[in-house]
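Proteins come first, then strands; the chains are lettered A, B, ... in the order of their sequence lines, and each starts at number 1.
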Protein chains: 2
Amino acid sequence: MTVRPPSEQTLELAAFVPFRLNRLATGVSEHLAVVYQRRFGLDIPQWRVMATVGPQQACTAQSIAASTRMHKTRVSRAIAELETRQLVERASSTEDRREREIRLTKAGRRVYGELVPLALAREAALLECLSPEQLCGFLGALETLERYLHLEN
Amino acid sequence: MTVRPPSEQTLELAAFVPFRLNRLATGVSEHLAVVYQRRFGLDIPQWRVMATVGPQQACTAQSIAASTRMHKTRVSRAIAELETRQLVERASSTEDRREREIRLTKAGRRVYGELVPLALAREAALLECLSPEQLCGFLGALETLERYLHLEN
DNA sequence: CACAAATGGTTGCGCGCGCAACCGTATGGA
DNA sequence: TCCATACGGTTGCGCGCGCAACCATTTGTG
């Protein structure tokens with residue numbers, strides 16, 4: 001085995017997993033965007049807030065930022081916009097007056113009720129095109145990599 | 001089986017594959033960023049251009065945009081910056097004077113030669129934490145989903 | 001040949017994001 | 001009790017991006 005200068009090693013971007021992963025994630029996002037964007041006029045941060053708050057839980061901006069891994073300013077602005085559109089409401093917490101409890105309004109729950117089944121159907125359609133072994137390996141790999149990169153929850 | 005109102009269906013974001021995929025792609029990107037960003041001061045578009053142009057090929061901004069799936073303005077600006085940093089050079093094509101042939105400079109090839117092995121090592125480290133079945137299913141799923149979403153090439 | 005349409009590439013503009021600074025509130029230690 | 005520090009959340013600012021418009025050149029059509 002001869003020693004080669006490092007410049008001999010090349011990289012095919014189309015075969016480079018980090019790039020492919022980024023491209024796939026973008027593609028899946030766009031594939032999903034038709035549901036919440038074109039139909040309900042929500043952008044990604046808003047959709048994530050809606051999905052996190054959920055139909056009955058009350059939660060804080062902090063916890064939303066943690067579970068969505070979005071920057072707190074992004075969360076703050078998404079909530080502000082959702083509030084003006086009357087999809088969520090904010091109430092000062094009684095126990096800690098810095099916090100504000102966020103919950104869906106009635107209109108918000110209606111949107112959520114329409115949105116979630118569509119989103120889940122999109123996800124299902126995506127996963128259905130995989131073979132059982134692919135699906136199993138894929139989900140396992142997802143979990144392993146999440147742990148490796150400390151992304152869980 | 002009783003009919004339930006749609007609002008009964010809920011969505012756990014942490015278990016929702018499109019979200020997890022986005023989160024994973026971001027995590028992998030950040031994990032890789034230390035190589036090209038902290039060490040060479042390149043941002044993602046610049047790194048992708050470097051990787052696409054490669055050590056000997058000459059290519060056009062157009063072809064870079066196509067294979068990286070970046071917007072042509074993003075490519076244009078990345079190339080402009082790389083040119084001022086003397087990592088790539090542009091020459092007007094003789095056969096079609098609208099195009100400009102882009103190639104790495106000597107300094108660019110040196111950076112490329114350092115960068116690529118590090119990037120490939122990061123990718124390898126990532127994939128090595130997967131079991132053989134996971135790796136196989138994962139790569140298969142990647143390919144299947146790319147075809148499903150028409151992301152190839 | 002002439003002219004319309006298409007193509008490669010760049011640039012002005014507006015928007016959304018992250019950073020840092022900030023406000024108000026809560027907490028812990030002396 | 002007082003004050004430094006930490007924490008939840010919001011806001012001003014600068015930057016990078018995509019959109020649309022644009023310039024220069026090429027291609028297609030009559």
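- Summarising the geometry, atom OG belonging to A:S92 is positioned 13.0 Å from atom CZ belonging to A:R98; distances are rounded to the nearest 0.5 Å.
- The residue B:R77 sits close to a base: some heavy atom pair falls under 4.0 Å.
- Of the two residues contacting DNA chain C, namely B:I79 and A:D96, the nearest-nucleotide position lying further toward the 5' end is that of B:I79.
- Ring geometry for B:H31 against A:Y148 counts as perpendicular: the plane angle is over 60°, on a 0 to 90° scale with 30° as the lower cut.
- Remark: the B:Q134 side chain and the A:T144 side chain contain an N/O donor-acceptor pair separated by less than 3.5 Å.
- For C:dC17, one of the phosphate oxygens OP1 or OP2 lies less than 4.0 angstrom from a side-chain nitrogen or oxygen of A:R74.
- Taking for each of A:M70 and A:E95 the nucleotide of DNA chain C with the nearest heavy atom, the 5'-most of the two is the partner of A:M70.
- Of all nucleotides listed (D:dT10, D:dC19, C:dT10), D:dC19 comes nearest to the side chain of B:H71.
- Applying the 4.0 Å criterion to OP1 and OP2 of D:dT10, one finds that A:S76 has a side-chain N or O inside that range.
- Residue-environment remark: CD (A:Q57) exceeds the threshold of 12 foreign heavy atoms within 6.0 Å.
- When each of B:D43 and A:C59 is assigned the nucleotide of DNA chain D bearing its nearest heavy atom, the one mapping closer to the 5' terminus is A:C59.
- With C:dG9, D:dT26, D:dG18 as the candidates, the nucleotide lying closest to the side chain of B:R97 is D:dT26.
- Residue A:R98 places a side-chain atom within donor-acceptor reach of the base of D:dC7, judged by atom type and a 3.5 Å distance cut-off alone.
- An OP1 or OP2 oxygen of D:dT10 is reached within less than 4.0 angstrom by a side-chain nitrogen or oxygen of A:R90.
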